[in-house]
Amino acid sequence: MSSILHQPLRILVTGGAGFIGANFLHRIVPQLSDTVIVNLDKLTYAGNLQSLQAIEKAPNYRFIYGDICDLDLVQKLFAEYQFTTVVHFAAESHVDRSIQSPIDFARSNVIGTASILQAAKDSWMHASSDMQEFRFVHVSTDEVFGALGPTGRFSPDTSYAPRSPYAASKASADHFVRAYAETYGLPVVISNCSNNYGPYQFPEKLIPLAIVRAMNLDLIPVYSKGENVRDWLHVDDHCEALMRMLHNGLAGETYLVGGSGECSNLELLRLLLTIVDEELGRTPESSWKLIKFVKDRPGHDFRYAIDASKLVTELGWAPNHTLEEGLRATVRWYLSNQPWLQSVMDESYRTYLKTQYEAV
Ligand code: NAD
Ligand code: TYD
């Protein structure tokens with residue numbers, strides 16, 4: 001693999017106040033000290049500037065409060081900064097919310113992506129020579145491929161078959177990204193990653209939800225019988241994969257990211273709750289009784305599993321976390337970051353934002 005130390009000059013990160021974007025910024029802001037890194041985020045309920053306190057004063061970092069659907073704003077940012085790299089995270093990301101409010105997903109995930117692509121294309125086409133290595137890294141999901149049965153894995157050749165409004169909006173965004181590559185030659189790389197977990201994840205997603213509920217001895221809702229299977233990956237391993245795509249990914253290529261962390265929701269929760277009990281000094285398995293089976297999610301995809309061999313062989317990527325050690329590190333993070341968690345649970349993180357950004 002060629003060096004990943006050549007630094008892009010100016011990076012636009014969208015959605016950097018969310019879960020994966022914040023973890024990505026924690027990695028690149030100190031590492032790429034000669035690179036200007038701009039974070040454009042609308043600060044929806046999922047955007048939390050308190051997740052970025054450790055880097056917010058770094059001289060190479062700027063935060064821009066704004067909507068990716070605002071083409072004028074996005075074009076102005078491209079004109080001002082002449083970005084050499086875009087890493088596009090911003091999206092509505094929760095399947096259950098997409099079932100309640102599908103139009104919000106169509107707006108941010110489809111129109112928003114088209115708007116970022118349009119501004120990127122215009123800037124790149126009229127750029128000077130330091131744009132030779134321009135890359136647009138689009139952060140997508142394995143959910144675009146639909147649901148698997150008990151066997152098989154998604155590969156880069158798997159056809160798109162989204163089944164939730166979230167998955168449909170991400171699939172549509174992926175098609176726009178491909179269209180900009182085919183039609184205008186924009187140098188894009190698409191990442192389709194499996195379910196992530198780790199620090200700063202909003203506690204509506206299964207793993208942080210279960211940790212928080214278990215800490216408070218509250219019931220943990222599990223859809224149907226907990227037999228649905230997900231392929232869990234620690235967020236640091238996803239960020240490492242994105243760095244490799246950013247530096248060495250071939251223009252026009254798609255890479256699937258997954259760490260062979262397949263397990264049913266019930267298996268996952270039993271492992272997670274065993275760790276919570278150990279970390280809190282509780283009787284082993286005592287938290288298992290908090291699991292409560294509830295009505296299934298409509299259209300609930302049965303199973304996701306990833307064949308990441310292209311990423312492994314072509315970009316030399318390998319996950320660093322086993323599921324058990326990644327879950328333990330995550331449980332410890334939530335236990336030892338009570339101020340962050342408390343401000344999310346009592347929604348005071350929104351007040352903090354309102355004092356700075358009046359329109360929130
Ligand atoms: P998240 O919901 O935690 O964060 C999304 C961020 O995007 C928030 O900061 C939010 O304020 C911002 N945002 C939303 N709409 C916006 C808009 N219109 N303009 C500007 N900013 C906006 O999401 P996440 O879990 O960090 O996921 C990031 C990306 O990774 C998403 O594109 C998601 O589809 C993809 N992905 C997530 C997972 C996962 O397991 N979480 C797995 C694979 C891919
Ligand atoms: P989630 O974290 O919402 O991610 P996704 O739906 O994008 O895979 O859910 C992970 C799995 O956990 C999924 O099969 C749905 C299930 N789930 C529950 O059983 N209970 C819950 O409260 C939540 C949020 C999810």
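Quick caveat: nothing in here was measured; it's all calculated off a predicted structure. Below, each value reflects all heavy atoms present in this structure, side chains not excepted, and no hydrogens, waters or symmetry copies. Nothing fancy with the numbering, it's 1 onward along the sequence. For ligands, and for the atoms within them, numbers begin at 1 and follow the listed sequence.
Looking at ligand 1, you'll find an N or O of K170 within less than 3.5 Å of one of its N or O atoms. Between D96 and ligand 2, a contact under 3.5 Å exists for no N or O pair. For ligand 1, the polar-atom distance check finds no N/O of Y45 at less than 3.5 Å from any of the ligand's N/O atoms. The shortest N/O to N/O separation between L40 and ligand 1 does not fall below 3.5 Å. In terms of N/O distances under 3.5 Å, ligand 1 is not approached by R107. Between N195 and ligand 1, no N or O atom pair is found at a separation short of 3.5 Å. Considering both main-chain and side-chain atoms, R297 comes within under 3.5 Å of ligand 2 through a nitrogen or oxygen pair. Between N48 and ligand 1, a contact under 3.5 Å exists for no N or O pair. The shortest N or O to N or O distance between D41 and ligand 1 is under 3.5 Å. Residue K42 has at least one N or O atom closer than 3.5 Å to an N or O atom of ligand 1. An N or O contact shorter than 3.5 Å links F19 to ligand 1 by distance.
Using a 4.0 Å cut-off between heavy atoms, E204 contacts ligand 2 through its backbone alone, with no side-chain atom that close. At a 4.0 Å heavy-atom cut-off, ligand 2 touches L209 through the side chain alone. At a 4.0 Å heavy-atom cut-off, ligand 1 does not touch A22 at all. Residue-level proximity to ligand 2 for T141 is absent, since no heavy atom of it falls below 4.0 angstrom.
Atom 30 (O) of ligand 1 has V139 CG1, 3.5 Å as its closest protein atom, hydrogens excluded (heavy atom only). Taking atom 41 (N) of ligand 1 as the reference point, the nearest protein heavy-atom neighbour is I20 CD1, 3.7 Å. The closest protein non-hydrogen atom to atom 5 (C) of ligand 1 is A91 O, 3.4 Å. Nearest protein heavy-atom contact of atom 2 (O) of ligand 2 is L206 N, 3.0 Å. Counting only heavy atoms of the protein, atom 42 (C) of ligand 1 lies nearest to S194 O, 3.3 Å.
A centroid separation of 6.0 Å or more is found between the aromatic rings of F24 and H238. Aromatic pair F202/F19: centroids not less than 6.0 angstrom apart. Here the two rings, on Y197 and H234, have centers that are under 6.0 Å apart. Two rings, from Y200 and W333, have their centers less than 6.0 Å apart.
Residues N196 and I20 share a closest heavy-atom pair of OD1-CD1, 3.4 Å.
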